[in-house]
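Okay, so here's the structure we're looking at.
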Amino acid sequence: MITSVLVANRGEIACRIFRTCRELGIRTVAVHSDADENALHARVADEAVRLPGTASADTYLRGDRIVEAALAAGADAVHPGYGFLSENAGFATAVLDAGLVWIGPPPAAIEAMASKTRAKQLMGLKPLTGVTEADLPVLVKAAAGGGGRGMRVVRELAALEGELEAARAEAYSAFGDGEVFVEPYVEGGRHVEVQILADTHGTVWALGTRDCSLQRRHQKVIEESPAPGIPETLTAELHELAVRAARAVDYTGAGTVEFLVGEDGRAHFLEMNTRLQVEHPVTEAVFGIDLVALQIRVAEGCALEALENGPPRARGHAIEARLYAENPAAAWTPQTGTLHRLAFPEAEGIRLDTGYADGDPIPVHYDPMLAKAVVHAPTRAEAIRKLAGALERATIHGPITNRDLLVRSLRHPEFTTARMTTGFYDRHLPELTEPNPDPQAPLAAALADAHGRSRFGGWRNLAARPQVKRYATADGEEHEAAYRHTREGLTAEAEGVRVVHADARLVVLEVAGVRRKFEVTRYGDEIHVNNTALTALPRFPDPTAQHAPGSLLAPMPGTVVRVAEGLAPGAPVQAGQPLLWLEAMKMEHRIAAPATGTLTALHAVTGQQVEVGTLLAVVI
């Protein structure tokens with residue numbers, strides 16, 4: 001019997017695995033980098049072991065250090081979570097060679113399927129070579145790992161070599177393996193996958209389907225089970241293919257076989273992920289199981305049939321939304337800072353998996369996912385309504401997130417009618433990210449700030465001038481709010497608005513006859529009014545904060561990983577030409593020339609750490 005488990009991962013998946021271990025009476029061990037010393041997963045584990053350094057390559061990708069940590073802590077098993085070393089056969093072998101239990105598939109199965117190129121060969125498929133114009137568009141993919149890293153769509157032949165180089169660099173940074181390959185890109189398809197679970201006694205279960213078509217940068221955003229609108233015949237075909245893939249490599253444990261279903265209804269094999277998936281909770285909700293608990297019991301040698309008396313039966317519908325610290329309206333730019341507050345309404349059928357607690361910093365070194373919100377309901381329509389409502393009412397104070405995008409996506413007609421494809425955000429991103437701040441939020445913030453302040457001097461018969469405060473919303477727009485101190489209290493200088501109540505935390509306004517409540521929370525100059533984030537602005541702008549025209553500023557904190565070859569001040573550049581690349585939160589971000597002109601200054605150098613707003617270059 002397993003008595004102590006080290007989780008070779010971080011964040012929400014480590015916390016999620018620890019939760020199941022506690023329920024089973026298993027002691028938990030975390031590993032953490034220096035950047036994660038006070039992270040939630042390190043705090044909630046029974047014990048934690050430091051991996052010196054901050055970069056993934058020095059910490060969470062160092063299998064030797066993780067094995068040493070497991071032995072030092074007296075763990076008798078290792079669970080890899082997902083990402084990092086979860087599909088690394090060498091790491092699995094090292095765990096087993098150290099006399100530890102590996103909670104995952106055999107190294108030979110990982111070796112066969114973890115490389116997408118070898119997996120395709122096993123399934124009788126070949127990567128695309130000698131790409132021509134007739135083959136476009138194509139997809140460049142990393143052979144190892146997943147999560148959309150090392151993946152690029154190429155629509156112009158001239159761009160292929162550059163995208164191959166970028167994909168190699170990103171894949172090596174994320175997985176320690178820079179191998180990439182090219183395959184045809186299926187336009188207008190749906191991403192559908194099958195959860196499998198296999199034991200060491202020859203039993204393989206196919207646990208329904210999941211639709212993961214809503215993706216940004218080829219990374220999933222919203223997932224659901226079962227995949228809606230899939231005919232029973234296609235479901236049976238996908239189950240058969242998934243089981244066949246598992247049996248072909250003598251698979252054990254949890255895994256996922258992924259497909260792209262084209263507009264013609266044909267299924268194209270993508271890959272087999274030899275690990276737990278981020279979206280596994282929707283399968284757990286629909287089948288009423290704990291996949292992590294089953295992984296542990298399979299690793300202990302138990303038979304699935306004895307545990308569950310046959311494959312569990314599906315019931316209802318489940319949907320998961322990934323909450324990211326990112327700005328979808330600004331090319332999905334990741335955000336850092338302090339997560340002041342994260343709370344979802346308490347209701348039956350709502351689950352929140354997170355690796356953060358109130359007050360935790362969001363580091364630049366890792367994936368920007370804050371949490372996964374999962375709902376389960378009798379029908380798909382009910383699940384959509386429940387999840388959209390929960391996200392809308394959630395309290396999320398801190399950096400910009402994709403919360404509004406998630407709510408709008410769930411309520412979009414293409415999603416509600418199950419007509420979504422992997423190109424959903426390519427088609428609809430502008431409308432889904434249209435700014436929509438509450439017009440009364442600045443006034444509520446101003447009234448809350450004014451509460452309790454004494455009015456200078458005595459009362460006069462002449463009306464006092466209105467007080468004016470300025471705020472900026474997350475999209476950079478500036479707003480003014482005007483109010484007066486009167487004998488009756490605070491009054492709003494806005495037509496059709498009456499102040500019913502105002503204190504430092506709660507403002508109640510009657511707007512066009514409708515009474516509305518505004519909860520106001522302040523963190524320094526950062527103010528949250530219900531779901532609207534505001535920044536208090538000074539009365540007069542700071543003249544020293546101006547930058548020269550054509551200045552390229554870092555849109556996020558990160559590391560300069562590459563500067564375009566031969567780039568130097570005085571060089572002519574074209575609008576859209578890549579100048580340099582930043583790596584932040586495990587993704588590469590290209591910084592391009594904003595206009596055609598001359599590069600007059602270049603301040604960025606490879607390896608440089610930059611903060612938001614750092615001057616990188618100037619093009620005029």
Side-chain angles (χ1 to χ4, degrees), residues 38 40 323 325-327 335-345 354 356-363 370-371 391-404 407 435-456 466-486 489-494 497-511 515-542 545 557 611-613:
N38 295 311
L40 183 62
L323 183 69
E326 66 183 11
N327 187 351
Q335 308 289 301
T336 59
T338 300
L339 182 65
H340 300 294
R341 180 87 171 114
L342 176 62
F344 273 66
T354 181
Y356 292 92
D358 294 353
D360 282 351
I362 302 168
L370 300 178
L391 285 163
E392 199 168 43
R393 294 192 301 276
T395 300
I396 307 169
H397 293 171
I400 296 171
T401 72
N402 66 335
R403 183 249 295 276
D404 290 345
V407 173
N436 187 32
D438 191 320
Q440 306 304 330
L443 176 59
L447 293 169
D449 184 59
H451 171 72
R453 291 175 181 264
S454 61
R455 187 179 182 277
F456 179 78
Q467 301 293 309
V468 178
K469 292 187 178 294
R470 298 169 56 245
Y471 300 92
T473 49
D475 59 358
E477 292 292 322
E478 295 187 9
H479 302 265
E480 288 188 349
Y483 62 91
R484 293 178 190 267
H485 284 277
T486 70
L490 292 168
T491 62
E493 287 291 298
V497 178
R498 183 173 72 89
V499 180
V500 178
H501 172 82
D503 64 35
R505 299 297 301 272
L506 177 66
V507 173
V508 182
L509 302 177
E510 189 177 277
V511 183
R515 186 170 293 191
R516 298 184 58 202
K517 296 179 180 180
F518 298 86
E519 294 185 2
V520 182
T521 310
R522 178 184 284 273
Y523 309 93
D525 286 339
E526 182 182 332
I527 305 161
H528 292 264
V529 181
N530 291 348
N531 288 336
T532 299
L534 301 171
T535 301
L537 299 176
R539 291 184 63 188
F540 305 103
D542 181 0
E611 297 298 325
V612 174

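In this text the structure is predicted, and so the values were computed from the model without any measurement. Only heavy atoms go into these numbers, but all of them, side chains included; no hydrogens, no water, no symmetry mates.
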Checklist entry - Where is the tightest heavy-atom contact between Ile527 and Ala536, given as atom of each residue plus distance? => result CD1-CB, 4.1 Å
Checklist entry - For the atom pair OG1 (Thr338) and CG (Asp358), what is the distance rounded to the nearest 0.5 Å? => result 11.5 Å
Checklist outcome for this item: Nearest heavy-atom contact between Pro399 and Ile362 is CG-CD1, 3.7 Å
Checklist entry - Do Leu506 and Lys517 touch side chain to side chain, with heavy atoms closer than 4.5 Å? => result yes
Next on the checklist: I'd like to know if the side chain of His528 pairs up with that of Glu526 as donor and acceptor (distance under 3.5 Å, no hydrogens or angles considered).
Outcome noted: yes
Next on the checklist: side chain to side chain contact (heavy atoms under 4.5 Å, CB included), that's the test. Do Val499 and Val497 meet it? Break it down for me.
Outcome noted: CA-CA 7 Å; Val499 180; Val497 178; 5.5 Å; no
Item to check | Close side-chain approach of Glu326 to Thr401, heavy-atom, < 4.5 Å | outcome: no
Checklist entry - What's the spacing between Gln440 CD and Leu509 CG if we round to 0.5 Å? => result 6.5 Å
Checklist entry - Does the pair Leu443 and Phe518 meet the rule for a side chain to side chain contact (heavy atoms under 4.5 Å, CB included), with working shown? => result CA-CA 10 Å; Leu443 176 59; Phe518 298 86; over 6 Å; no
Checklist entry - Should we count CD of Glu519 as having more than 12 external heavy atoms under 6.0 Å? => result no
Next on the checklist: Taking the side chain as everything from C-beta on, heavy atoms only, tell me whether His397 gets closer than 4.5 Å to Thr521.
Outcome noted: yes
Checklist entry - Roughly how far, to the nearest 0.5 Å, is the CZ atom of Arg522 from the CZ atom of Arg505? => result 11.5 Å
Next on the checklist: Between Asn530 and Val520 (side chain of the first, backbone of the second, donor and acceptor by atom type, cut-off under 3.5 Å), is there such a pair?
Outcome noted: no
Checklist entry - Got Arg515 and Arg498 here, is their nearest side-chain heavy-atom distance under 4.5 Å? => result yes
Item to check | Between Arg393 and Asn531: side-chain donor-acceptor atoms closer than 3.5 Å | outcome: no
Next on the checklist: Is there a side chain to side chain contact (heavy atoms under 4.5 Å, CB included) between Leu342 and Thr395? Walk through the geometry before answering.
Outcome noted: CA-CA 6 Å; Leu342 176 62; Thr395 300; over 6 Å; no
Checklist entry - Closest heavy-atom contact between His451 and Asp503? => result CG-CA, 3.4 Å
Checklist entry - Salt bridge check: are Glu478 and Arg470 linked by an N-O gap of less than 4.0 Å? => result yes
Next on the checklist: Quick check: do Ile396 and Arg341 have side-chain heavy atoms less than 4.5 Å from each other?
Outcome noted: no
Checklist entry - Any side-chain heavy atom of Tyr356 within less than 4.5 Å of one from Leu339? => result yes
Item to check | For Pro557 against Thr336, the heavy-atom pair lying closest together | outcome: CG-OG1, 3.2 Å
Next on the checklist: What I'd like to find out is whether the side chain of Asn436 reaches to under 4.5 Å of the side chain of Asp404, using heavy atoms alone.
Outcome noted: no
Item to check | From CG (Asp525) to CG (Leu537), nearest 0.5 Å | outcome: 8.5 Å
Checklist entry - Could you state the interatomic distance from OG1 (Thr473) to CG (Asp438), rounded to the nearest 0.5 Å? => result 11.5 Å
Item to check | pair Tyr483-Glu493: side-chain heavy atoms closer than 4.5 Å | outcome: no
Next on the checklist: On a heavy-atom basis, which atom in Val529 and which in Ala445 lie closest, and how many Å separate them?
Outcome noted: CG2-CB, 3.9 Å
Next on the checklist: Any side-chain to backbone donor/acceptor pair from Tyr471 onto Ala533? Under 3.5 Å, distance only.
Outcome noted: no
Next on the checklist: Check the orientation of His340 and Tyr523. Use parallel for under 30°, tilted for 30 to 60°, and perpendicular for over 60°.
Outcome noted: parallel
Checklist entry - From Leu447 CG over to His501 NE2, what is the distance, rounded to the nearest 0.5 angstrom? => result 11.0 Å
Next on the checklist: Using side chain to side chain contact (heavy atoms under 4.5 Å, CB included), reason through Asn402 and Leu323 one step at a time and then give a plain yes or no.
Outcome noted: CA-CA 6 Å; Asn402 66 335; Leu323 183 69; 3.5 Å; yes
Item to check | Minimum heavy-atom distance between Ala446 and Ala481, given as atom pair plus value | outcome: CB-CB, 3.9 Å
